[in-house]
Number of protein chains: 2
Amino acid sequence: MMLSQTEENYLKAIYSLTYTNSNNVSTTLISEAIKTKASSVTDMIQKLAEKDLVHYKKYQGVSLTKIGQKIAVEIVRKHRLWEVFLVNKLNYNWDEVHQMAEQLEHIKSETLIDKLEAFLEFPTHDPHGDPIPDKEGNIKHHNNTMLSSVETGKSCVVIGIKDSSDPFLKFLDKLQIQLGSILKVISKEPFDNSMLVETETASISISNQISKNLFVKKL
Amino acid sequence: MMLSQTEENYLKAIYSLTYTNSNNVSTTLISEAIKTKASSVTDMIQKLAEKDLVHYKKYQGVSLTKIGQKIAVEIVRKHRLWEVFLVNKLNYNWDEVHQMAEQLEHIKSETLIDKLEAFLEFPTHDPHGDPIPDKEGNIKHHNNTMLSSVETGKSCVVIGIKDSSDPFLKFLDKLQIQLGSILKVISKEPFDNSMLVETETASISISNQISKNLFVKKL
DNA sequence: AAATTAATTTAGATAAGTCTAAAAATAAAT
DNA sequence: ATTTATTTTTAGACTTATCTAAATTAATTT
Ligand SMILES: [Mn+2]
Ligand SMILES: [Mn+2]
Ligand SMILES: [Mn+2]
Ligand SMILES: [Mn+2]
């Protein structure tokens with residue numbers, strides 16, 4: 001099946017919205033994710049339903065079919081492997097690679113992404129800690145532990161970022177927090193749910209907005 | 001200036017046709033190169049003329065403007081650097097990379113191609129022996145010596161392929177001829193302009209069609 | 001339960017890039 | 001110098017993906 005970049009982007013959007021939101025994704029939600037108008041989304045999902053890539057009943061939102069899901073995961077796989085390439089091989093910072101990966105994920109080739117994966121020595125996670133689906137589409141999701149849920153006095157390792165937006169990544173850079181950073185929760189402030197955290201090098205105050213966006217593994 | 005992939009492809013086609021053909025490229029020639037109808041080409045070159053990327057007078061064919069040429073060379077640069085990546089890093093054969101490079105050459109980024117160039121350690125030629133333009137757009141063309149013009153008894157090195165089509169590249173593979181191969185002309189057949197050539201490993205007969213397509217440097 | 005609000009879909013329009021068929025201009029042949 | 005053939009351009013239509021505005025359906029409030 002030969003899909004346009006646009007169709008691929010819709011599938012990818014529906015895929016990730018299915019995780020962050022309900023199982024049946026609404027038209028408006030997609031339109032916000034993809035920065036189009038809701039009416040355009042309706043057109044497209046009808047087209048995708050024609051191609052059996054989504055389940056769609058009028059006014060009921062959409063969900064991916066088996067094949068639609070398979071394609072979406074393939075695109076996610078491509079996106080994340082290209083991000084690894086850009087960071088590990090071309091020395092980009094983790095906040096610089098998303099836009100390029102958005103383009104590279106649409107390169108069509110039967111073999112390219114598997115060759116790239118081998119060249120990168122089969123990475124398991126992208127530069128933002130997101131898991132990379134394997135060739136068959138299997139993907140191991142994070143165990144949803146956020147920094148905000150770590151008890152006072154306990155330590156943890158940063159293993160992923162929930163919101164990988166540029167400003168947030170740059171902010172983490174400034175705080176010298178990266179994947180693998182070890183954080184110890186010193187105290188929590190009930191007033192605004194901020195916490196005092198000890199890194200390898202410093203003691204910093206972290207707002208709830210931030211601690212809710214950091215995936216960690218408790219130690 | 002933000003160009004579509006299609007516009008970029010037209011500029012690239014005009015660029016290479018300017019070399020292989022006359023200075024003013026005809027509509028039909030472009031339409032054959034780009035596999036569209038002549039009427040579509042007319043539409044597009046009028047659009048490109050609007051944007052000052054080509055010089056165009058009705059019925060007189062087109063040529064690239066300074067800025068149009070600059071963009072065309074940038075795309076050639078990207079194409080060839082990606083081909084080097086695919087062959088040198090991902091272990092593709094030289095006959096497998098063109099279609100992927102056709103897509104990769106359109107990836108938009110201010111920095112990507114320069115980073116890639118550095119990662120590849122500043123290659124001067126692509127896998128088919130074609131020169132890679134530098135960051136400023138300077139490009140050293142082959143000194144047009146073809147194998148067909150080498151005198152009997154003389155030796156030469158293969159430095160490039162004129163027609164880099166898949167079948168031709170595969171054929172060269174079979175003959176065990178590659179860039180850097182040293183060929184000695186044993187004899188020439190006046191009847192069909194074929195020649196008997198000695199490689200490092202064997203003695204082979206080479207048709208004129210082939211010897212006219214191999215760039216060499218005389219030794 | 002009816003009225004109001006919000007979300008979704010339809011209808012009609014637009015832009016990019018392509019096509020076919022017809023018209024106009026150029027080139028080649030008589 | 002005409003006629004004929006070829007090339008190029010125009011005109012009108014189609015497809016994909018988008019938009020605005022209007023109509024419809026669903027959800028919320030009163
Ligand atoms: Mn990304
Ligand atoms: Mn990522
Ligand atoms: Mn190529
Ligand atoms: Mn090449």
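Side chains are part of it too, since the values below use all heavy atoms of this structure and drop only hydrogens, waters and symmetry mates.
Every residue was checked against the side chain to side chain donor-acceptor pair (under 3.5 Å) condition with B:D166, not counting sequence neighbours, and none meets it. Residues satisfying the side chain to side chain donor-acceptor pair (under 3.5 Å) criterion with B:D134, sequence neighbours excluded, are B:N138. Under the side chain to side chain contact (heavy atoms under 4.5 Å, CB included) criterion, B:V84 pairs with B:N88, B:L120, B:P123, B:D126, B:P127, B:I132, sequence neighbours left out. With sequence neighbours excluded, the residues that form a side chain to side chain donor-acceptor pair (under 3.5 Å) with B:K70 are B:E74. Applying the side chain to side chain donor-acceptor pair (under 3.5 Å) criterion to B:D43, with sequence neighbours excluded, gives no partner residue. With sequence neighbours excluded, the residues satisfying salt bridge (Lys or Arg N to Asp or Glu O under 4.0 Å) with A:D114 are A:R77, A:K135. For B:E121, there are no salt bridge (Lys or Arg N to Asp or Glu O under 4.0 Å) partners two or more places apart in sequence or in a different chain.
Residue pairs meeting the side chain to side chain donor-acceptor pair (under 3.5 Å) criterion with at least one member in residues 206-216 of chain A: none, sequence neighbours excluded. Applying the salt bridge (Lys or Arg N to Asp or Glu O under 4.0 Å) test to residues at least two apart or on different chains, the pairs with a partner in residues 9-35 of chain A are A:K12-A:E102, A:K12-A:E105.
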Every protein N/O within reach of nucleotides 22-28 of chain D N/O, cut-off under 3.5 Å:
unit_1	atom_1	unit_2	atom_2	d
D:dT25	O4'	A:Y59	OH	3.3

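Note: A:H98 and A:H79 meet the aromatic proximity criterion, with ring centroids under 6.0 Å apart.
Within residues 31-46 of chain B, the residues having any heavy atom under 4.0 Å from DNA chain D are, by residue number, B:A38, B:S39, B:T42, B:Q46. Within residues 19-27 of chain B, the residues having any heavy atom under 4.0 Å from DNA chain D are, by residue number, B:S26, B:T27.
To the nearest angstrom, P of C:dT9 lies 13 Å from NZ of A:K57.
Note on B:Y10: every side-chain N or O is 4.0 Å or more away from OP1 and OP2 of C:dA16.
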